[in-house]
Amino acid sequence: MESWRWYGPNDTVSLSDIEQAGAYGIVHALHHVPVGEIWEVHDIKARQNLIERDQKTNKARNLKWVVVESLNVHESIKQGLPERDELIAKYTESLKNLSECGINIVCYNFMPVLDWTRTSLDFIYKDGSKALRYDVKALAAFDLYILKREAAIEECSEELKQEAKEYLEGLTEPEVRTLTSNILQGVPGSGDTMTVAEFSKYLEAYDGITRDTLKENLRYFLEKVVPVAEKYGIKLCCHPDDPPTPIFGLPRIVSSEADLNYLVGSVESPANGITYCTGSLGPDANNDLSGIIERLGHKIHFVHLRNIQREEDGSFHESDHLDGSVDMYKVMEALVKESQRRNKEGRTDFAIPYRPDHGHQMLDDLNKEIRFHGYSAIGRLRGLAELRGLELGIERGLLNS
Ligand code: DNO
């Protein structure tokens, strides 16, 4: 199902724009509710009404809020602190409320402190549009010389330290500030950017939390939440780490197929699934993207499609949807097959919602204010159009074969 992320009334892309882009599924969150608080039924219903009805004419729009992205998990749950039980109870209450409103796909992630991380939000792509980029040197420069994290000195190779130093020396003061704020953007949609001091404090809270502890904390969360989700017909789907590698010494536990297997194996239930994201799994060349769908497709409840171009040193930038290191044809073919398989089995969830995850800032959007980087209209419109064509071509091809 063609879907689109909408950030809410302060999104510069309107609901009518989304209708014109041809998407049907809306991906949305109550961004104004602080992480850890309950999403109340009246609040969800008000937003649903705003999305699904034209407020001027009161006519139904051809849009439906189908996915929550994200019902974020509180840091205390990730850290396994004593208050986690109370927070988990609130989380399950929100799930129950969402189910009461008929919304049953809920995305979340288990990345400590930072959600997706980029070093540049206006990288000039080969065609002159602007894209997001992750540069290993820039991240190391921030880590070593701005954040001054002690353990980074041991974690980085001598070569990387030297490159990072040279990189930083080449930046002007405003460029250093931009790099810092790009990295510290925090949770998308919140509009909050942390200070370096706040970030250091958040990192300290993870002292002693190893990969294994974080995995245990994920399992604890799932053991409590999944049975409730199952009871209310909610499909939870964990978004992979972006990028799929530990950063700032923080453990990352949803980066590979083995990690995804741990996730779904922790609690066996149709309510315990995956948000499949090519842009997050793709930077690691070891991830077999279409193979993951072939093997774990039955656990995929929601899909993000975006391409990335891997660079030699582990850096990457976001390329056009059909051009880059991800073989989008193979990915879409595997998804179409999964959807057909479900349909044959008589399952009602065969139209798996997918969205063009990020797009370039291009054409007229280059002159507009961008509130949510990666989420301007025209680049995603192009992405969705390309993906839609690819999907149709594959569906027809399979029918005729
Ligand atoms: C990036 C998105 C992520 C995603 C969350 C899911 O644009 O894919 O921010 O929404 O990580 O929890």
Side-chain angles (χ1 to χ4, degrees), residues 3-8 11 13 25-31 33 35-36 39 65-75 77-78 91 94-95 98 105-121 130-134 182-193 218 221-222 225 235-245 247 250 252-255 259-260 263 273-283 300-308 316-318 321 326 353-361 370-377 379-380 383-384:
S3 309
W4 189 280
R5 187 180 207 167
W6 184 61
Y7 275 104
D11 195 328
V13 182
I26 293 292
V27 176
H28 183 62
L30 299 183
H31 292 290
V33 182
V35 178
W39 289 22
W65 183 3
V66 290
V67 179
V68 166
E69 180 178 358
S70 296
L71 183 59
N72 282 313
V73 178
H74 197 278
E75 283 293 303
I77 299 178
K78 296 180 204 164
Y91 199 94
S94 299
L95 293 180
L98 283 162
I105 302 178
V106 177
C107 171
Y108 68 98
N109 70 72
F110 221 74
M111 287 179 257
V113 188
L114 289 173
D115 199 297
W116 56 291
T117 303
R118 295 290 179 276
T119 54
S120 167
L121 305 178
K130 288 185 183 169
L132 311 187
R133 178 161 183 269
Y134 178 87
N182 288 350
I183 294 176
L184 298 185
Q185 291 247 332
V187 175
S190 71
D192 297 340
T193 302
L218 171 62
F221 169 71
L222 291 172
V225 162
K235 291 186 162 141
L236 285 168
C237 39
C238 187
H239 187 282
D241 306 326
D242 183 1
T245 178
I247 50 173
L250 294 166
R252 297 275 226 186
I253 58 166
V254 194
S255 299
D259 289 347
L260 292 172
L263 168 86
I274 300 166
T275 297
Y276 172 86
C277 175
T278 50
S280 301
L281 294 164
I300 295 175
H301 301 320
F302 178 38
V303 174
H304 286 179
L305 297 176
R306 148 166 80 78
N307 219 320
I308 46 95
F316 62 89
H317 59 268
E318 299 190 356
H321 285 76
V326 175
Y354 71 82
R355 66 176 182 84
D357 187 25
H358 302 181
H360 291 169
Q361 189 183 346
I370 298 300
R371 232 167 264 167
F372 304 104
H373 286 273
Y375 290 92
S376 48
R380 283 189 292 162
L384 182 62

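Whatever order the structure lists them in is the order used to number ligands and atoms, beginning at 1. Since the model is a prediction, treat every value here as computed from it, not as a measurement.
- We find the OG1-CD1 distance between Thr275 and Ile105 to be 9.0 Å, quoted to the nearest 0.5 Å.
- At least one heavy atom of Arg355 sits less than 4.0 Å from an atom of ligand 1.
- Of all atoms in ligand 1, numbered sequentially from 1 with element shown, those under 4.0 Å from a heavy atom of Ser70 are 5 (C), 6 (C), 12 (O).
- His358 and Tyr375 have their aromatic ring centers within a separation under 6.0 angstrom.
- With atom 9 (O) of ligand 1 as the reference point, the heavy atom nearest to it among Phe372, Phe302, Trp116 is part of Trp116.
- For atom 11 (O) of ligand 1, the nearest non-hydrogen atom from the set Val68, Asp115, Val73, Leu114 belongs to Asp115.
- At a cut-off of 3.5 Å, with distance as the only test, no side-chain donor of Asn72 or Tyr91 sits close to an acceptor on the other residue.
- When heavy-atom distances to ligand 1 are checked against a 4.0 Å cut-off, Asp357 comes that close only through its side chain, counted from C-beta outward.
- Under 4.0 Å from ligand 1, the heavy atoms of Tyr108 that appear belong solely to its backbone.
- Here's the thing with Asn72: none of its N/O atoms is less than 3.5 angstrom from an N/O atom of ligand 1.
- In this model, a donor atom of one side chain and an acceptor atom of the other lie less than 3.5 Å apart for Glu69 and His304.
- Side chains of Asn109 and Asp241: a donor-acceptor N/O pair is absent below 3.5 angstrom, by distance only.
- Proximity of His373 to ligand 1, defined as any heavy-atom pair under 4.0 Å, is not found for any part of the residue.
- Ring to ring, Tyr7 and His31 are close: their centroids are under 6.0 angstrom apart.
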